[in-house]
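All values reported here derive from a predicted model rather than from experimental measurement. Chain identifiers are assigned alphabetically (A, B, ...) following the order of the sequence lines, protein sequences preceding nucleic acid strands; residue numbering begins at 1 within each chain. Hydrogens, waters and symmetry mates play no part in the numbers below; they use all other heavy atoms, side chains included.
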Amino acid sequence: MISCRRSERNSVRNLVKMSRNVTSSNKEKQTRKKQVTKRMKLNNNLNADHILQSSCNGSRTPTYGLNRLNDSFFDVPCEDLAKRLLGKILVRRIDDGTVLKGRVVETECYPGGEDKASCSYNGRITETIKAVYMKPGTAFVYVTYGMYHCINISSQGAGAAVLLRALEPLEGFEFMQLERQKRRKTTSAAATKRKELQVHDLCSGPAKLCMSFSITKSSCNERDLAVWDGMWIEEDDSKEEALHIVTSHRIGIDSVGTEWALKPFRFYLLGNSSVSRRDEAREKAFRE
DNA sequence: CTAAGGATTTGCT
DNA sequence: GCAAATCCTTAGA
């Protein structure tokens with residue numbers, strides 16, 4: 001008898017629970033629907049020409065980075081920008097005064113338009129990606145896999161940009177090391193065995209370099225690298241030797257199909273240990 | 001060394 | 001509801 005009553009009570013309880021769940025999930029659905037329509041309205045109003053024009057206004061003289069590369073450096077087709085960025089120095093100035101430097105050693109170009117791997121494929125424009133339509137030299141930072149950031153630099157051409165894939169750290173190793181440790185997984189077994197990262201592992205990937213350089217969507221997206229005091233690109237005056245550039249295919253975009261995944265849109269400096277992924281075949285062909 | 005699986009949020013179809 | 005421009009750890013060769 002008792003158990004019967006108890007089970008009755010439980011089933012009632014479950015029903016209440018369920019109905020609560022149903023109503024709350026309906027509410028959630030409605031809110032989500034509203035958010036989606038709102039977002040779509042915003043996105044529908046976006047226009048490439050307008051975004052470009054309005055992002056060209058408001059230029060000013062930077063206080064920091066007086067040796068920085070200016071507008072004309074960025075205002076070239078994305079394939080050219082991807083190549084000319086190699087060997088240049090990315091400088092980041094954190095608000096507390098910390099300065100980080102790294103030589104660009106690996107890039108990828110995302111021209112937009114026909115390219116299925118580009119977020120701006122087929123002229124798509126949304127609030128989150130509108131930085132790629134902004135003035136050449138604008139930083140486009142987005143969240144990937146729910147937990148990492150990647151940084152692109154807008155180039156000439158609507159929706160075209162260059163992804164920074166790897167840097168060779170030059171200055172600020174300790175800061176980078178700390179930023180990387182923050183994000184590392186903390187299972188107790190691994191934590192005890194944990195070692196300091198090698199310098200060449202600090203920025204050897206698009207999300208790694210964003211962690212090391214403290215680059216996030218909120219801090220860096222839509223910033224103009226030609227004038228912003230937080231980040232810029234400089235010429236590297238220390239090296240006079242010619243750069244050996246290896247051309248390969250882009251990484252992590254297999255799902256778009258072989259035609260676009262195999263395009264020779266990734267460029268890196270031969271023999272640099274900070275490169276995220278080497279292409280042995282292309283390197284061999286390069287030497288011959 | 002390579003391979004596999006988990007983490008985890010966002011925005012679109 | 002699902003895919004995503006990645007990284008980290010663990011397991012096994």
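Residue contacts shown for A/Leu163 include a base, since a base heavy atom lies under 4.0 Å away. Residue A/Arg277 is classed as having no contact, given no heavy-atom separation below 4.0 Å to the nucleic acid. In this structure, A/Ala117 reaches the bases: a heavy-atom distance under 4.0 Å links it to at least one base atom across the strands shown. A/Asn43 comes within 4.0 angstrom of sugar-phosphate atoms only, judged by non-hydrogen atoms across all strands, and of no base. Using a 4.0 Å heavy-atom distance criterion, A/Arg165 is classed as a sugar-phosphate-only contact. Nucleic acid contact for A/Lys217: sugar-phosphate only, since backbone atoms but no base atoms lie under 4.0 Å from a heavy atom of the residue.
Ring-plane geometry between A/Phe265 and A/Trp260 is classed as tilted, the angle between the planes lying from 30 to 60 degrees on a 0 to 90 degree scale.
Nearest to the side-chain atoms of A/Met40 among the listed nucleotides B/dT13, C/dA5, B/dC12 stands B/dT13. The side chain of A/Ala207 lies closest to C/dT6, out of B/dC12, C/dA5, C/dT6. Proximity note for A/Arg180 (side chain, C-beta onward) versus C/dC8, C/dT6, B/dT13: the nearest is C/dC8. Of the candidates C/dA5, B/dT13, B/dT10, the closest approach to any side-chain atom of A/Tyr110 belongs to C/dA5.
For C/dA5, the OP1/OP2 oxygens have no side-chain nitrogen or oxygen of A/Arg266 closer than 4.0 Å. Taking side-chain N and O atoms only, A/Ser118 has no distance below 4.0 Å to OP1 or OP2 of C/dA5.
Within 3.5 Å, no donor on the side chain of A/Tyr145 pairs with an acceptor on the base of C/dA3, nor the reverse.
Nearest-nucleotide positions on DNA chain C for A/Ser255 and A/Gly205 put A/Ser255 closer to the 5' end.
Across all strands shown, C/dC2 forms a Watson-Crick or G-U wobble pair with B/dG11, both key distances being under 3.5 Å.
When the C1' atom of B/dT8 is taken as reference, atom OH of A/Tyr148 falls 10 Å away, rounded to whole Å. A/Asn44 places its CG atom 10 Å from the P atom of B/dC12, with the value rounded to the nearest Å. Distance, A/Met147 CE to C/dA4 P: 17 Å, rounded to whole Å.
Between A/Arg93 and A/Asp229 no salt bridge is recorded (no basic side-chain N to carboxylate O distance below 4.0 Å). Between A/Glu235 and A/Arg68 there is no salt bridge, since no side-chain N of the basic residue sits under 4.0 Å from a carboxylate O of the acidic one. Classification of A/Arg278 and A/Glu283 as a salt-bridged pair holds, one side-chain N sitting under 4.0 Å from a carboxylate O.
Counting non-hydrogen atoms of neighbouring residues, nucleotides and ligands closer than 6.0 angstrom, the CG atom of A/Asp95 reaches no more than 12 such neighbours.
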